[in-house]
Amino acid sequence: MQPSLFDGENEDILNEQTPPDKPFDYLNELNKVQRAAVEQTEGPVMIIAGPGSGKTRVLTYRIAHLINLGKAPYNLLSLTFTNKAAREMKERIEQIVGGEAAQQLWMGTFHSIFARILRIEAQHLGYPTNFTIYDTEDTKKLIAAIVKERGFNSDIYKPNVVYSRISNAKNKMISPAAYQTNLQLKARDEIDGLNRIEDLYALYIKRCRRAGAMDFDDLLLNMYYLLAKFPEVLQKYQHKFRYILIDEFQDTNFVQYAIVKKLVGEGRNICVVGDDAQSIYAFRGATIRNILNFEKDYPKLNIYKLEQNYRSTKNIVQVANTIIKNNKNQIAKQIWTSNQEGQKINLIKAATDTDEGKLVADSIYETRLRHHFKNEEFAILYRTNAQSRIIEEALRRRGIGYKVYGGLSFFQRKEIKDMMAYLRLTVNPHDEEALRRVINYPKRGIGKATIDKIAITADKMDKPIWDILLKINGFKLATRTKKSIISFVNLIRNFKQRQAKESAYELAKYIGRLTGLVQELHNDKTVEGLSRFENLEELFNSIKEFVDNKVRENLEKPNDRVDDSLGAYLQEVSLLTSMDTGEESAEQVKLMTVHSAKGLEFPCVYIIGLEDKLFPSARSMKSVQDLEEERRLFYVAVTRAKEKLVLSAAMSRRKFGAIQYSDISRFVQEIDPNYLKIVGGKPTFSGYKSDSYDAFKKSENIRNSIKNAKNQQQKKPIAPIKDFKPSNPADIQVNSVVVHNRFGKGTVLSIDGRGDRRMAIIAFEHAGEKRILVRYAKLMIVG
DNA sequence: CCCAGCCTGGTTTTT
DNA sequence: CCAGGCTGGG
């Protein structure tokens, strides 16, 4: 697959034998259509690329081709949707054209490339160069704060709802003023009793500006404004980006396409690659209309259709085709392959979710032995992140190594966000979400009442909170509080002064020490505290790595000024997702959502939780459009598989503590049974009880009795211990842990939950009798 | 102002 | 079931 000329131990010898001026003959690696798409470098090009059709190859070779034709790499702009896709493409291009040229390419996600440009051009828009990027959490907190300050009903104006309406408006480039006159939106808000969204929208924008902050949508919207309102800037970037490439074009939304149209300009050298059948991001504003409009906007469009699939077996390709053909709204096409027929699609129907986990783990174990696969050749895909836990347990029990991608990202952890807030504040003291987060953490006697008072003043004077803090002496507050505020302000100022002379790493270490954050976590000897401390160290390591990289780049390219400031670090890091952190794993089964599996491929794919209401999700089952998007999602999942595909469903599943019974997914039922082979479990649920189902029932009974007893006699030891066994062997490990609370010292039999507080089932003696107790507890490591 | 404990409301998918 | 918000005692 890959150009493996320089593979293996004989690298040096090969290098000597291969003259450096004889490039890798990439054109011969392509089929006819692919090659035509690569060679058509001028004018508008659209490539409709089915799954596994060599899309990435075409994109990378096209870039390599442009460079070989003498185009300067820094004149090429290549936009993707994930950092991972960008990184991988860069690596592959590097192999063909060399590192130096690859480094100069403008290649990245829409958000990161635009953030980079906006950082350079910030002053045009009245933003500071070091603007903050608000993540979703910051955004929602800000909205909640505004709703509260303005005395809106927080039961109606929920942050989630308000945010999604604002975000939708932004993605369609509807300003607050336009929002007010948009009858359709107004009508919808009216029905939901949210008729003042437009006010919140305007306020929200104002507050972001005041804080020198942009949210994810602003990175796109402001990029558009920059190009639309400043002709000289537009010209600069039109001139710079002579050739533009866009991957996953079906995922672009209205603003993104508007920006691209501006950038393309008269040169018209634009190439988009996409597949309407793989459009799975409508919920964040993506529209396949962009694909349809593209033809209208660029009449002399060259269209290439890549329909041959090189990835999967015939069976998998056929099943994929039969699934997607149920969608009415699509551009007709059929993918085909000359690959081998392969084995049938396996279908696991399990009784419960725990059974499902067990059967999947068993199947992986067996497949691995029988067909000599390695762990990393397996992927388990699911609809929601929450599904990973049960599977994890099953894999652990089977002794199969795994890695979970996605979910809560490193940078979303509390301790990391706290530290980051100090860093953000140092770079941009107007960043109010950061300020609110740490002004009283670690505790320094600036309570909620004080902050609220200052926030109201700030709002009245229409000034950033920071500016109020600077002049705190003029305000009516307790002397002690004022003192605390002044020392806080001085702390941040001190950091800011050091910014010029210290590297991001040195400064971050210094900040961690001086704020007492490191000490605070170091003092916390609980299990969670320890891992928080380790996470913080990992953050420092990542900053060090960033700085070291930049220093190296600086040495390589002494003429370019490489930005290794804290601000640059923050910008880079705030656009990372959970998919981007952590090492690539060997020997580990990969667990991720279907969404994050897009663009990837694996020899063996397990798609789990194929039940109505889960996949398709209950929310999507109401409208045809949503259901079709879910079906595309299933299509994407199925086409990740190269050799083996296993579908699985559980007839009953624990959800919010209760059991939910489901039918097997309508999507699975759409598959011709001739392609399916039912394995493991029993096809029907009635009358069938599995081991794990029994265990589950038993533990549920125990839990119920505990709950009842707890209600009757709160805070008293209850339920005799003699019959109780932890249902999960993994929990036994926590026996090395004791709990301290007001009842004394006990042994933890089982713990549940994550984060700060955990539910613990504790055994201890009371009045000479063994008892168990269910409590939230802090866990301490003994010895 | 702080903290522990209780209560309630929200759970698709992601840059 | 869980995290964050709220409350009431210190």
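First the proteins, then the strands, lettered A, B, ... as listed; each starts at 1.
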Over how many whole Å does the gap from [X] atom [atom1] to [N] atom [atom2] extend?
X        : N      : atom1 : atom2 : value
A/Leu381 : B/dT12 : CG    : C1'   : 15 Å
A/Lys417 : C/dA3  : NZ    : C1'   : 15 Å
A/Tyr635 : B/dT13 : OH    : P     : 24 Å
A/Asp353 : C/dC1  : CG    : C1'   : 13 Å
A/Leu627 : B/dT12 : CG    : P     : 17 Å
A/Asp135 : B/dT14 : CG    : P     : 15 Å
A/Tyr405 : B/dT15 : OH    : P     : 15 Å
A/Leu614 : B/dT13 : CG    : C1'   : 12 Å

Can you classify the ring geometry of A/His595 versus A/Tyr281 as parallel (below 30°), tilted (30 to 60°) or perpendicular (above 60°)?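 Tilted, since the angle between the ring planes falls between 30° and 60°.
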Between [options], which nucleotide has the shortest distance from any of its atoms to the side chain of [X]?
X        : options                : answer
A/Lys443 : B/dC2, B/dT14, B/dC1   : B/dC2
A/Arg389 : B/dT13, C/dC2, B/dT14  : C/dC2
A/Thr384 : C/dC2, B/dT15, B/dT12  : B/dT12
A/His595 : B/dT13, B/dC2, B/dT15  : B/dT13
A/Glu630 : B/dC1, B/dT15, B/dT12  : B/dT12
A/Arg383 : B/dT14, B/dT15, B/dT13 : B/dT13

Of A/Ser112 and A/Arg444, whose closest DNA chain B nucleotide lies nearer the 5' terminus? A/Arg444
Taking the nucleotide of DNA chain B with the nearest heavy atom to each, does A/Thr593 or A/Gly447 sit closer to the 5' end?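 With A/Thr593 and A/Gly447 compared, the 5'-side residue is A/Gly447.
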Describe the nucleic acid contact of [X] in one word from base, sugar-phosphate, nothing, applying a heavy-atom distance below 4.0 Å.
X        : answer
A/Asn440 : sugar-phosphate
A/Tyr281 : sugar-phosphate
A/Ala618 : nothing
A/Phe615 : nothing

A/Arg413 side chain near C/dA3 phosphate (N/O to OP1/OP2, under 4.0 Å): no
Between A/Asn385 and B/dT14, does any side-chain N or O lie under 4.0 Å from OP1 or OP2?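 Indeed, a polar side-chain atom of A/Asn385 lies that close.
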Take A/Glu520 and A/Lys443 through the test salt bridge (charged side-chain N to carboxylate O under 4.0 Å, His left out) and record every step on the way to the result. CA-CA 10 Å; A/Glu520 174 121 345; A/Lys443 300 264 171 316; over 6 Å; no
Locate the shortest heavy-atom distance separating A/Thr384 from A/Thr593; write the atom from each residue and the value. C-CG2, 4.3 Å
A/Gln250 and A/Asp275: side chain donor to acceptor below 3.5 Å: no
When you compare the ring of A/Phe283 with the six-membered ring of B/dT13's base, are the centres less than 5.5 Å apart and the planes under 30° from each other? yes
Is it true that A/Phe249 and A/Tyr257 have ring centroids separated by less than 6.0 Å? yes
For residues 245-257 of chain A, which residues have at least one heavy atom under 4.0 Å from DNA chain B? none
Of all of residues 158-166 of chain A, which get a heavy atom below 4.0 angstrom from DNA chain B, listed by number?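 Here the set is A/Lys158, A/Asn160.
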Take a 6.0 Å sphere around CZ of A/Phe254 and say whether it holds more than 12 heavy atoms from other residues, nucleotides or ligands. no
Set of residues satisfying ring-ring contact (aromatic ring centres under 6.0 Å, His included) with respect to A/Phe110, sequence neighbours excluded: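 Scan of A/Phe110 (ring-ring contact (aromatic ring centres under 6.0 Å, His included), adjacent residues dropped) gives A/Phe81, A/Phe114.
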Contacts of A/Tyr224 meeting ring-ring contact (aromatic ring centres under 6.0 Å, His included) (sequence neighbours excluded), chain-then-number -> none
NZ or CZ of A/Lys414 within 45° of A/Tyr441 ring axis and under 6.0 Å: yes
Between the base of B/dT12 and the side chain of A/Arg619, is there a donor-acceptor distance below 3.5 Å? no
Just to verify, what does A/Arg413 make a side chain to side chain donor-acceptor pair (under 3.5 Å) with, not counting sequence neighbours? none
Qualifying salt bridge (Lys or Arg N to Asp or Glu O under 4.0 Å) pairs, either residue in residues 149-166 of chain A, two or more places apart: A/Glu149-A/Arg207, A/Glu149-A/Arg436, A/Arg150-A/Asp459, A/Arg165-A/Asp189, A/Arg165-A/Asp192
